[in-house]
Amino acid sequence: MLEIFIFATLNGLVTGLLLFMLASGLTLIFSMMGVLNFAHASFYMLGAYFAYSVSLYFGFWMGLIFAPLIVGVLGAVVERYGLRRVHQSGHVAELVFTFGLAFLIEEAVQFFWGPDTKNYQAPDILDFPLFTLFGQEFSAYRGFMIGISLSIFITLYHILTRSRIGIIIQAAITHPNTVANLGHNVPLIFMGVFGVGTALAGLAGVIAGPVLTTFPGMSIALGSIVFVIVVIGGLGSLAGAFIASLLIGLLQSYAIASDVGMPELLNLLGLEFERSHPLNDLWTLNLPRIAPILPFLLLVLVLIFRPTGLLGKREE
Amino acid sequence: MLEVNDLHAYYGKSHILQGVNFNVQEGEIVSLLGRNGVGRSTTVKTIMGEVAPVGSIKFKGEEIAGKNSFEIAHLGLGYVPENRDIFPTLTVQQNLVLGMKSNKSQGRWDIEEMFRMFPNLGERAEVNGGVLSGGEQQMLCMCRTLMGDPDIIMIDEPTEGLAPKIVEQVALLLQEIASRGVAILLVEQKLSIALKISHRLYVMGHGKVVYEGTPDSLLQADDVRAEWLEV
């Protein structure tokens with residue numbers, strides 16, 4: 001029981017921190033522009049594909065460095081020449097633009113890399129068990145994923161709260177005109193934040209690609225959950241996104257690791273069905289099978305009982 | 001230093017500024033007076049690039065009409081808005097740091113000096129700006145703009161809603177600013193502070209300048225005060 005709990009916690013942390021890397025960029029961009037970037041998860045997918053291509057020639061580590069940079073520059077270009085122009089036409093136009101961009105990136109990925117799954121592998125140097133507990137191994141690559149995600153979180157937190165540029169970003173999010181009047185180039189700041197946000201998504205793709213497989217549907221697989229996290233955490237709240245990411249990562253991980261199912265519950269209630277009964281399928285349901293819908297269930301609960309999200313603020 | 005010629009501005013179809021002309025010379029304190037709604041705040045917002053200008057705005061001989069706000073601020077124009085707009089979730093110190101245009105520039109002002117001039121702000125350096133009193137917020141907002149070392153500072157209604165004692169402090173700060181060679185364009189509705197500290201003043205009405213003179217000449221112009229200023 002203890003081993004299941006420990007490994008479920010570690011795996012939940014890996015997933016949660018990975019989700020945070022995506023959600024942090026998305027929530028920062030939302031704070032600035034007031035619009036959800038539907039193409040955010042597509043930049044995550046691009047990160048994985050760019051890293052795969054770079055790794056074919058120069059190895060995994062070069063991919064780790066260059067793929068997020070390429071994705072970040074691409075994101076900045078999208079903001080500068082796409083979103084900034086569309087912004088003048090209002091939020092609906094921006095939503096439609098990012099929605100279309102998501103489709104465009106998915107089609108482009110299939111066009112350039114093909115529809116099949118890519119053989120993007122973790123580096124050999126991390127192909128060993130980091131530790132063995134209760135006879136079960138925890139891979140070094142997963143430990144690396146935790147390490148890199150935590151370092152990104154700590155760096156991001158320090159930059160945003162301690163550095164001058166972080167203070168400018170915080171102020172520009174709420175008072176862009178005042179910040180511009182003080183002599184700061186707000187459009188450049190917005191472009192930079194958009195670029196960093198997409199680079200973080202790209203980095204998440206680079207480190208997730210070898211574990212969650214690199215295929216054209218990977219943005220859809222994770223994209224919806226990232227939106228759920230941003231809403232549960234509270235739109236625009238970085239701390240909320242962090243809590244919600246870990247919550248969902250752990251929730252899913254515990255659900256997958258558990259062997260609790262409907263039979264136990266139905267037996268407890270003393271219910272029994274004939275094989276031909278329409279509700280007989282309930283017997284086959286268990287927690288691991290419903291794990292994928294748990295984030296959405298949590299989203300519904302949060303929207304009912306706390307519509308602003310865990311740490312979100314109501315607009316005045 | 002600042003020359004505004006035939007300046008027009010629009011909010012939608014409303015023609016707010018209808019040919020404003022005035023100038024501010026180096027080291028001068030100039031007041032822009034008038035009743036509510038005559039276009040005083042719109043004038044400074046238009047100079048700062050927040051409202052699209054039609055006409056000519058020259059600063060140190062360079063045409064700035066049509067430039068972005070941050071470019072105008074970099075040329076040496078400082079602006080303290082009417083609503084103060086301090087950053088409520090940032091500390092007093094962080095608010096001041098934001099006023100600096102770069103990490104290195106010190107200019108005529110530094111944070112320690114601001115805290116010496118306003119011990120209240122110094123004592124609350126690590127307190128969030130949102131919890132300061134109205135007077136402290138006004139001082140913070142003016143100090144923040146000064147941290148960018150402007151050559152001219154445009155201040156919109158700095159005494160609005162402040163207690164008489166704080167108004168005196170604001171007047172002292174304005175005179176201190178001017179004594180360091182920084183020109184001031186003071187946008188005011190109240191006559192008292194403007195008459196006390198201004199070198200020259202303009203009165204606005206119906207979107208244009210309707211009177212130009214000195215505090216003494218305005219004091220003698222009963223008809224101007226009655227028609228354009230007194231409520």
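For the options Asn177(A), Asn185(A), Val186(A), heavy-atom pairs under 4.5 Å to chain B are most numerous at Asn185(A).
Of all the heavy atoms in Arg164(A) and Met100(B), the pair that sits closest is NH1-O, 2.9 Å. Heavy-atom minimum distance, Arg144(B) versus Thr178(A): NH2-CG2, 3.4 Å. Leu98(B) approaches Ala171(A) most closely through the heavy-atom pair CD1-CB, 3.5 Å. The shortest non-hydrogen separation linking Lys101(B) to Gly183(A) is CE-CA, 4.4 Å. In terms of heavy-atom proximity, Ile86(B) sits nearest to His175(A) at O-NE2, 3.8 Å.
Rounded to the nearest 0.5 angstrom, Thr89(B) OG1 and Ile173(A) CD1 are separated by 9.5 Å. To the nearest 0.5 Å, atom OG1 of residue Thr145(B) and atom CG of residue Asn181(A) are 8.5 Å apart. Note that CD1 of Ile168(A) is 9.5 Å distant from CZ of Phe87(B), once rounded to the nearest 0.5 Å.
A 6.0 Å sphere centred on CZ of Phe296(A) holds more than 12 heavy atoms belonging to other residues, nucleotides or ligands. Summarising the local packing, NE2 of His87(A) is surrounded by 12 or fewer heavy atoms from other residues, nucleotides or ligands at distances under 6.0 Å. With a 6.0 Å radius and a threshold of 12 heavy atoms from other residues, nucleotides or ligands, Tyr157(A) has its OH atom at or below the threshold. Within a 6.0 Å radius of CZ in Phe153(A), more than 12 heavy atoms belonging to other residues, nucleotides or ligands are found. Around CD of Glu26(B), the count of heavy atoms belonging to other residues, nucleotides or ligands within 6.0 Å does not exceed 12.
For the side-chain contact (heavy atoms from CB on, under 4.5 Å) test with Leu90(B), the passing option among Thr174(A), Thr161(A), Ile167(A) is Ile167(A); the others fail.
Using a 4.5 Å cut-off between heavy atoms, Gln94(B) touches chain A through backbone and side chain atoms alike.
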